[in-house]
Amino acid sequence: MNHWLFKSEPEEFSIDMLKQVRREPWGGVRNYQARNYMRDGMQPGDLAFFYHSNCAEPGIVGICSIAGAAKADMSQFDPASDYFDPASKPEAPRWLCVDVAYKRKLRRPITLARLQDHAAQLGDFALTRRGNRLSVLPVTQAQWDYILALE
DNA sequence: GCCAACGTTGGC
DNA sequence: GCCAACGTTGGC
């Protein structure tokens, strides 16, 4: 089983919204590396941190699971969507997404500042790499265990 | 294939 | 709002 981290701006889609709908296709990813993690790396049952970005206190706020194999992200075919991609054809979708399912909220968020305080113990962590902008990224088993122990 | 220009991300 | 860092685009 692999571990992941999904970033989301809470004003767009928060952990509370996922809690309400229980399950949601993780659409709108328009970065090839992030897409490849979803397409090639994820398996149903994998666990992922839910991270709030671009907000007053960025950090990990909950846990979700991968609920299905990657499939076409339908927003790429919708001209009215912000994520519309006119170059992508239904017979060869360029963008994929997995379904994520709500597991739980953390008792309290693990802030980015706190994660940075533990940079030495976390080692090479995709989230805190300089200049990182990936919205879907891998977490090692060791990082996962260490971070959860910070809760 | 190079690389400048541009748009986006996301912390601060 | 600022701006560093990055990915993508497109001219050449």
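Just so you know, these numbers come straight off a predicted model, no measurement behind them. Numbered from 1 within each chain, the chains take letters A, B, ... in sequence-line order.
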Go through the side-chain N and O atoms of A:Gln141 and A:Asp145 and say whether any donor and acceptor fall under 3.5 Å apart. yes

For A:Tyr51, check ring pair (Phe, Tyr, Trp, His ring centres under 6.0 Å) against everything at least two apart and list the hits. none

Given A:Val29, A:Val136, A:Asp73, A:Ile66, the one that forms side chain to side chain contact (heavy atoms under 4.5 Å, CB included) with A:Val98: A:Ile66

Using a cutoff of under 3.5 Å, can you pull out all pairs of nitrogen or oxygen atoms linking the protein to nucleotides 9-12 of chain B, with atom names and distances?
residue	atom	partner	partner atom	Å
B:dG10	OP1	A:Lys7	NZ	2.8
B:dG10	OP1	A:Arg133	O	3.0
B:dG11	OP1	A:Tyr51	OH	2.8
B:dG11	OP2	A:Asn54	N	2.9

Rounded to 10°, the angle between the first-five-pair and last-five-pair axes of the helix from B:dG1-C:dC12 to B:dC12-C:dG1 is 10°

What integer distance in Å separates A:Tyr32:OH from C:dC6:C1'? 16 Å

Heavy-atom side-chain contact between A:Leu134 and A:Tyr37 under 4.5 Å: yes

If you group Ile, Leu, Val, Met, Phe, Trp and Tyr by side-chain heavy-atom gaps below 4.5 Å, do A:Met42 and A:Tyr32 land in one group? no

Could you check whether any side-chain heavy atom of A:His118 comes within less than 4.5 Å of a side-chain heavy atom of A:Ile147, counting everything from C-beta outward? no

Report the relative orientation of the aromatic rings in A:Trp26 and A:Phe13; use parallel for angles under 30°, tilted for 30 to 60°, perpendicular for over 60°. perpendicular

Under 3.5 Å side-chain donor-acceptor pair for A:Ser75 and A:Arg30: yes

